[in-house]
Visitor: 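Pasting a structure below so you can have a look.
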Amino acid sequence: MKLDIKGFAITMGVLWAAAIFLVGLGQLMWPGYGLAFLEFAASLYPGFEIGGFGSLIVGTGYGLVDGLIGGAVFAWLYNRLIGGARQAA
């Protein structure tokens with residue numbers, strides 16, 4: 001079964017963006033919550049800093065784009081590998 005590249009990319013983009021947004025929102029309400037996760041995300045995404053709603057929106061945007069690209073690459077690679085495995089069998 002092949003993956004729909006566009007659908008998988010959108011799903012992963014929304015999922016990753018939601019993870020960053022929800023953990024960031026939790027950190028705004030409860031300082032110290034998800035600090036290691038947010039520090040990791042801040043080290044990857046320029047302009048994203050821990051604290052502040054504006055920075056949280058920037059991180060969410062980066063997460064959306066990163067998830068879209070990562071999801072598309074994963075689905076494409078999966079489809080290529082599964083296609084080769086079916087031909088070999």
Side-chain angles (χ1 to χ4, degrees):
M1 182 176 103
K2 287 191 171 189
L3 294 175
D4 176 31
I5 295 174
K6 184 178 177 182
F8 193 81
I10 291 170
T11 300
M12 292 309 296
V14 169
L15 215 78
W16 187 238
I20 291 175
F21 181 77
L22 292 174
V23 172
L25 200 58
Q27 197 276 330
L28 289 175
M29 292 191 295
W30 305 289
Y33 176 78
L35 202 53
F37 175 75
L38 293 174
E39 286 173 347
F40 171 71
S43 72
L44 293 176
Y45 306 137
F48 175 54
E49 299 172 1
I50 300 170
F53 192 74
S55 181
L56 179 58
I57 298 301
V58 169
T60 302
Y62 273 122
L64 178 65
V65 172
D66 192 21
L68 284 169
I69 294 169
V73 168
F74 179 87
W76 175 81
L77 185 60
Y78 175 85
N79 289 342
R80 295 284 293 185
L81 292 174
I82 199 73
R86 285 188 181 164
Q87 291 174 356

Visitor: Measure the shortest side-chain to side-chain distance between Tyr62 and Leu44 over non-hydrogen atoms and say whether it is less than 4.5 angstrom.
Guide: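 Side chain of Tyr62 against side chain of Leu44, heavy atoms only: no contact under 4.5 Å found.
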
Visitor: Does Leu35 belong to the same Ile/Leu/Val/Met/Phe/Trp/Tyr cluster as Val58, with side-chain heavy atoms less than 4.5 Å apart forming each link?
Guide: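 Linked within one cluster.
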
Visitor: How long is the straight-line distance from CH2 of Trp76 back to CD1 of Ile5, given to the nearest 0.5 Å?
Guide: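 Ile5 atom CD1 to Trp76 atom CH2 measures 8.5 Å (nearest 0.5 Å).
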
Visitor: Could you measure the distance from the CG atom of Leu25 to the OG1 atom of Thr60? Nearest 0.5 Å is fine.
Guide: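 Here the rounded value is 9.0 Å.
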
Visitor: When clusters are formed by joining ILVMFWY residues with side-chain heavy atoms under 4.5 Å apart, either directly or through shared neighbours, do Leu28 and Leu22 land in the same one?
Guide: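 Both belong to a single hydrophobic cluster.
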
Visitor: Could you check whether any side-chain heavy atom of Leu38 comes within less than 4.5 Å of a side-chain heavy atom of Tyr33, counting everything from C-beta outward?
Guide: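 No, side chains not in contact.
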
Visitor: Are Phe37 and Trp30 in one and the same hydrophobic cluster, where Ile, Leu, Val, Met, Phe, Trp and Tyr link if side-chain heavy atoms are under 4.5 Å apart?
Guide: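 Yes, same cluster.
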
Visitor: Is there a path of hydrophobic side-chain contacts, each under 4.5 Å between heavy atoms, that joins Ile57 and Ile20?
Guide: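 Each belongs to a different hydrophobic cluster.
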
Visitor: Tell me whether the centres of the aromatic rings in Phe74 and Phe8 are closer together than 6.0 Å.
Guide: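 Yes, they do, as the ring centres are separated by less than 6.0 Å.
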
Visitor: Should Met12 and Leu3 be counted in the same cluster of Ile, Leu, Val, Met, Phe, Trp and Tyr side chains packed under 4.5 Å apart?
Guide: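 Met12 clusters together with Leu3.
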
Visitor: Can you name the nearest heavy-atom pair linking Ala9 to Ala72, along with the distance?
Guide: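 It is CB-N, 3.7 Å.
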
Visitor: I want to check something: taking the side chain as every heavy atom from C-beta on, are Ile50 and Gln27 in contact at a cut-off of under 4.5 Å?
Guide: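 Yes. Closest side-chain heavy atoms under 4.5 Å.
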
Visitor: Between Ser55 and Gly47, what is the shortest heavy-atom contact and its length?
Guide: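 Residues Ser55 and Gly47, closest heavy atoms: OG-O, 3.9 Å.
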
Visitor: Identify the residue among Leu15, Leu68, Asp4, Leu64 that makes a side-chain contact (heavy atoms from CB on, under 4.5 Å) with Ile10.
Guide: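 Testing Ile10 for a side-chain contact (heavy atoms from CB on, under 4.5 Å) against Leu15, Leu68, Asp4, Leu64 leaves exactly one candidate, Leu68.
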
Visitor: Not counting sequence neighbours, which residues clear side chain to side chain donor-acceptor pair (under 3.5 Å) with Tyr45? List them please.
Guide: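 Tyr45 satisfies side chain to side chain donor-acceptor pair (under 3.5 Å) with Trp16, Asp66 once adjacent residues are dropped.
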
